[in-house]
Amino acid sequence: IGNGMSINLGCWYISVMLILFFILFPIAYKYQKTYNYYIAPILIILTLGLIGYHQVNITDPLARNYIFINGFYKGIIFINLGVIAYELCNYLKTKKLTKQKKICITIIESLIYLFLLLNMHYGIAGSYLIAILFLQPIFSIQRYFNN
């Protein structure tokens with residue numbers, strides 16, 4: 001499989017995702033926009049600070065360097081990046097793009113897809129950059145539904 005990893009290595013994410021949704025959903029549901037605009041970015045920044053301070057390697061999600069398995073911290077970051085991407089998509093839906101801008105965005109997103117595919121096999125970039133780049137397909141899907 002890509003980058004020399006076993007086929008079931010990603011299964012940790014399902015359990016982490018369910019636990020984090022169990023914890024975060026009541027907060028997100030109760031505070032909705034406040035969560036999307038303030039709490040999610042703060043959680044990302046605090047988690048990044050925590051993993052930086054304690055030298056947590058989130059690229060090895062099954063290891064345990066601090067309180068939880070490393071994948072738990074990765075899940076907090078990635079789920080909240082998804083929340084931020086959702087809000088950015090809602091904002092971008094309100095914008096009208098010219099034909100030239102749509103063509104430029106399509107070319108850029110095609111290059112990002114190519115990079116992500118190459119990264120799955122060769123492991124070119126780290127987790128943080130890949131998490132940010134995976135936000136891009138969400139923007140393109142929202143753009144096509146908007147038209």
Side-chain angles (χ1 to χ4, degrees), residues 1-97 101-102 105-106 108-121 123-147:
I1 311 298
N3 202 20
M5 297 182 186
S6 68
I7 195 163
N8 291 326
L9 188 64
C11 291
W12 64 269
Y13 191 72
I14 300 292
S15 59
V16 167
M17 181 181 65
L18 291 174
I19 292 168
L20 284 172
F21 283 163
F22 181 74
I23 295 168
L24 296 177
F25 179 76
I27 299 166
Y29 184 75
K30 184 175 182 179
Y31 297 108
Q32 294 178 0
K33 294 297 180 184
T34 304
Y35 182 87
N36 295 354
Y37 292 140
Y38 302 108
I39 297 173
I42 289 171
L43 281 174
I44 292 171
I45 292 168
L46 290 176
T47 305
L48 288 172
L50 182 74
I51 65 175
Y53 182 76
H54 291 287
Q55 302 299 312
V56 175
N57 180 12
I58 65 169
T59 58
D60 185 9
L62 298 176
R64 185 175 180 184
N65 290 357
Y66 189 51
I67 296 173
F68 303 107
I69 64 168
N70 298 352
F72 187 81
Y73 306 108
K74 188 173 188 174
I76 291 173
I77 295 168
F78 284 27
I79 288 170
N80 285 303
L81 279 174
V83 169
I84 293 170
Y86 172 78
E87 283 300 325
L88 288 172
C89 289
N90 285 338
Y91 172 75
L92 291 176
K93 278 185 187 178
T94 63
K95 302 296 176 191
K96 299 293 180 193
L97 298 175
K101 287 182 182 178
K102 287 183 181 182
I105 288 172
T106 302
I108 291 170
E109 85 181 273
S110 298
L111 292 172
I112 290 173
Y113 282 127
L114 178 65
F115 177 77
L116 289 171
L117 287 171
L118 290 171
N119 190 63
M120 280 193 270
H121 186 69
I124 301 167
S127 292
Y128 301 120
L129 176 62
I130 297 306
I132 303 259
L133 290 178
F134 265 116
L135 295 178
Q136 179 272 332
I138 296 170
F139 295 140
S140 64
I141 291 168
Q142 289 289 329
R143 185 185 73 227
Y144 290 119
F145 281 116
N146 193 29
N147 290 337

From [atom1] ([X]) to [atom2] ([Y]), nearest 0.5 Å:
X	Y	atom1	atom2	result
Thr47	Lys74	OG1	NZ	14.0 Å
Ser110	Leu114	OG	CG	9.0 Å
Ile39	Lys33	CD1	NZ	13.5 Å
Phe68	Leu20	CZ	CG	9.0 Å
Ile76	Ile23	CD1	CD1	7.5 Å

Residue pair [X] / [Y], side-chain heavy-atom distance below 4.5 Å:
X	Y	result
Leu43	Ile77	no
Phe72	Ile19	yes
Val16	Ile79	no

Could you work out, with side-chain hydrogen bond (donor to acceptor under 3.5 Å, both in side chains) as the rule, every residue matching [X], not counting sequence neighbours?
X	answer
Tyr37	Glu87
Lys30	none
Tyr53	none

Test: salt bridge (Lys or Arg N to Asp or Glu O under 4.0 Å). Region: [range]. Which pairs qualify, not counting sequence neighbours?
range	answer
residues 38-49	none
residues 36-50	none
residues 14-26	none

Which residues share a side-chain contact (heavy atoms from CB on, under 4.5 Å) with [X], sequence neighbours left out:
X	answer
Leu50	His54, Tyr66, Tyr73
Phe22	none
Leu18	Ile14

Next on the checklist: I need the minimum non-hydrogen distance between Asn36 and Ile84, along with the two atoms involved.
Outcome noted: O-CG1, 4.5 Å

Checklist entry - What residues, two or more places apart in sequence or in another chain, satisfy ring-ring contact (aromatic ring centres under 6.0 Å, His included) together with Tyr35? => result none

Checklist outcome for this item: For Tyr29, the ring-ring contact (aromatic ring centres under 6.0 Å, His included) test, sequence neighbours excluded, returns Phe25

